[in-house]
Protein chains: 2
Amino acid sequence: MLPKLGSFTFHIDSYVCDFKGKATLPVIGDFILQAATMHASERGFGYETMVKEYTAWVLSRLSIEMYEYPAYDEDIVIETWIEDVSRFFTQRCFRFVNGSQQTIGYARTIWAAIDMTTRRPVDILAWKGEIADYIETERDCPAKKPEKIPAVDGETIHEYTVKYSDIDINRHVNSVKYIEHLVNVFDLEMFKNNDIGTFEIVYLTEGMFGDKLSIYQQARSANEYLMDVKKDGLSVCRSRIVWK
Amino acid sequence: MLPKLGSFTFHIDSYVCDFKGKATLPVIGDFILQAATMHASERGFGYETMVKEYTAWVLSRLSIEMYEYPAYDEDIVIETWIEDVSRFFTQRCFRFVNGSQQTIGYARTIWAAIDMTTRRPVDILAWKGEIADYIETERDCPAKKPEKIPAVDGETIHEYTVKYSDIDINRHVNSVKYIEHLVNVFDLEMFKNNDIGTFEIVYLTEGMFGDKLSIYQQARSANEYLMDVKKDGLSVCRSRIVWK
């Protein structure tokens, strides 16, 4: 049996950096998904195994706490482990470590497994009970469990039609693409003086090619925002962003 | 002295794949830039050296010929070499090789070097004449030299405001982001039945945060399109796309 903890190194090349020379939040999101995929694949419950059994992991919720963003030409190590498995959800945690061995952030994800034919949830414990053998109880993850996020109404601040490059191998809008569209709502001035410290997202339904998505935003304070991405008035995903 | 040829391996993970399970053209463009960056860095004329001397490489033109797109979980090897250096331009070629050692495509890029303070071209031969030592004359690159592309007028088919995630470490719209916006103009039906076989792009001026970009398109035939990305009526970049 492989160790419970997986550890994956990513290099910050210039093409994943923003104008400040730091990796962007969508790129951190992409690394999280890559680390989760590799950890699961190595342990026999990754994409390849799932697809053969007409099952897919679906990211349900994600929360990220970034103390510092990795800079151009740095390496970042992402450690990931399974914190919990129940019938319909599994919780996976992440720690981000920079080249000086400093912890620069944490993340927590909640996943469901769905039957690709019926699109209905699969009983994870009945289907792959051995995942529970990998539960790591010794590690602490300070990123909070992503909770429900209230709806936002009012006027839409951005409208977007889903395009080719939004759609991934699962034939719906890629989870990371929502993060990109959400952070793009903010002005460059905000990024010049601040960083996103806390990011939470709750995925509620799938976005498809050609869907007209509307983004709603509610400022709770000068640095905390609730966001809601809707299709025909119904939430596709909701997010909470806290700047620091 | 390092060999003239550089060879870099990329893995096609699910997050760089489109709905067909193949790497997208923007991702191929990103790999090309990564391979160019690594080849140049290893040989002493990469980003780090440049930035210290207030100089930057600017991609001027790019042409890609794809016979086949790499699929999910495959490795793709990108070989790159310098074909020519003149006072103001250097030409760099690329060959794409899949896991079965088959050539699946070629690309050719033309670069200028600019002084970051004046934004004026730098005399490459006077500045880093040793680049000429790396010219590889033994290899053939079937991707054609990217030529001028005529302007396209008429009605705009897509309008786009430049956002945070478009802007890179050089504080302008990233070269690959234009490719993403250009391919996004096409309907999913086109991608279902066809692949982009030839892609050419000529970069004419810089796009900045908040710029309102308009995309113009002219069909030369059912599978050949000229595209023009304009800002205030002036071309920022032009592209030719041939589907197969």
Side-chain angles (χ1 to χ4, degrees), chain A residues 11-22 24-27 29-34 37-38 41 46-48 51 56-57 71-73 158 160-177 179-192 208-210, chain B residues 11-22 24-27 29-34 37-38 41 46-48 51 56-57 71-73 158 160-177 179-192 208-210:
Chain A
H11 185 250
I12 311 299
D13 69 56
S14 67
Y15 306 104
V16 303
C17 287
D18 66 7
F19 69 98
K20 295 191 279 192
K22 301 290 183 83
T24 64
L25 185 73
V27 165
D30 190 61
F31 290 169
I32 287 172
L33 298 190
Q34 285 190 50
T37 301
M38 291 187 279
S41 291
Y47 183 86
E48 306 75 16
V51 100
W57 288 116
Y72 170 71
D73 213 26
H158 185 61
Y160 180 78
T161 304
V162 175
K163 300 187 176 64
Y164 163 72
S165 70
D166 294 304
I167 304 297
D168 69 15
I169 202 166
N170 292 317
R171 295 174 173 255
H172 61 200
V173 177
N174 181 264
S175 328
V176 168
K177 277 287 172 180
I179 307 180
E180 188 175 322
H181 294 307
L182 286 165
V183 301
N184 272 347
V185 159
F186 293 92
D187 196 83
L188 209 62
E189 285 304 311
M190 193 66 157
F191 288 96
K192 273 184 191 156
M208 301 295 181
F209 183 82
Chain B
H11 185 250
I12 310 298
D13 67 56
S14 66
Y15 307 104
V16 303
C17 288
D18 67 7
F19 68 97
K20 295 191 281 193
K22 300 290 183 83
T24 66
L25 185 72
V27 166
D30 190 60
F31 290 169
I32 287 172
L33 298 190
Q34 285 190 50
T37 300
M38 290 187 279
S41 290
Y47 183 85
E48 306 76 15
V51 101
W57 287 117
Y72 170 70
D73 213 25
H158 184 61
Y160 180 78
T161 303
V162 174
K163 299 185 177 65
Y164 163 73
S165 70
D166 294 304
I167 304 297
D168 68 15
I169 202 167
N170 293 317
R171 294 173 174 255
H172 60 200
V173 177
N174 181 264
S175 327
V176 168
K177 277 287 170 179
I179 307 180
E180 188 175 320
H181 294 308
L182 286 164
V183 303
N184 272 347
V185 158
F186 293 92
D187 196 84
L188 208 62
E189 286 304 311
M190 192 66 156
F191 287 96
K192 273 184 190 155
M208 301 295 179
F209 183 83

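Each chain gets a letter, A, B and so on, in the order its sequence line appears, and its residues count up from 1.
Under the 30°/60° scheme for interplanar angles, the aromatic rings of A/Phe19 and B/Tyr164 are found to stand perpendicular.
Proximity to chain B is absent for every atom of A/His11, based on heavy atoms less than 4.5 angstrom apart. Heavy atoms of A/Lys22 lying under 4.5 Å from chain B are absent altogether. The parts of A/Asp187 that come within reach of chain B are both its backbone and its side chain, each placing non-hydrogen atoms under 4.5 angstrom from that chain. With a 4.5 Å cut-off on non-hydrogen atoms, A/Asp18 touches chain B through its backbone and its side chain both.
The shortest non-hydrogen separation linking A/Ser14 to B/Ile169 is CB-CG2, 4.1 Å.
Side chain of A/Asn184 to main chain of B/Ser165: a donor-acceptor pair is present (N/O by atom type, distance under 3.5 Å, no hydrogens or angles).
Per-residue counts of heavy-atom pairs under 4.5 Å with chain A were compared for B/Leu25, B/Thr24, B/Thr161; the largest is that of B/Thr24. Highest contact tally toward chain A, considering only B/Asp13, B/Asp30, B/Ile167, B/Leu33, is held by B/Leu33 [criterion: heavy-atom pairs under 4.5 Å]. Interface remark: of the candidates A/Thr37, A/Asp168, A/Val176, A/Asp168 forms the most heavy-atom pairs closer than 4.5 Å to chain B.
Annotation: the span from B/Leu188 atom CG to A/Met208 atom CE amounts to 11.5 Å, rounded to 0.5 Å.
Under the 3.5 Å distance criterion, with hydrogens and angles disregarded, no donor-acceptor pair is assigned to the side chains of A/Asn174 and B/Tyr15.
Side-chain contact between B/Phe209 and A/Glu189: absent, with no pair of heavy atoms (C-beta onward) separated by less than 4.5 Å.
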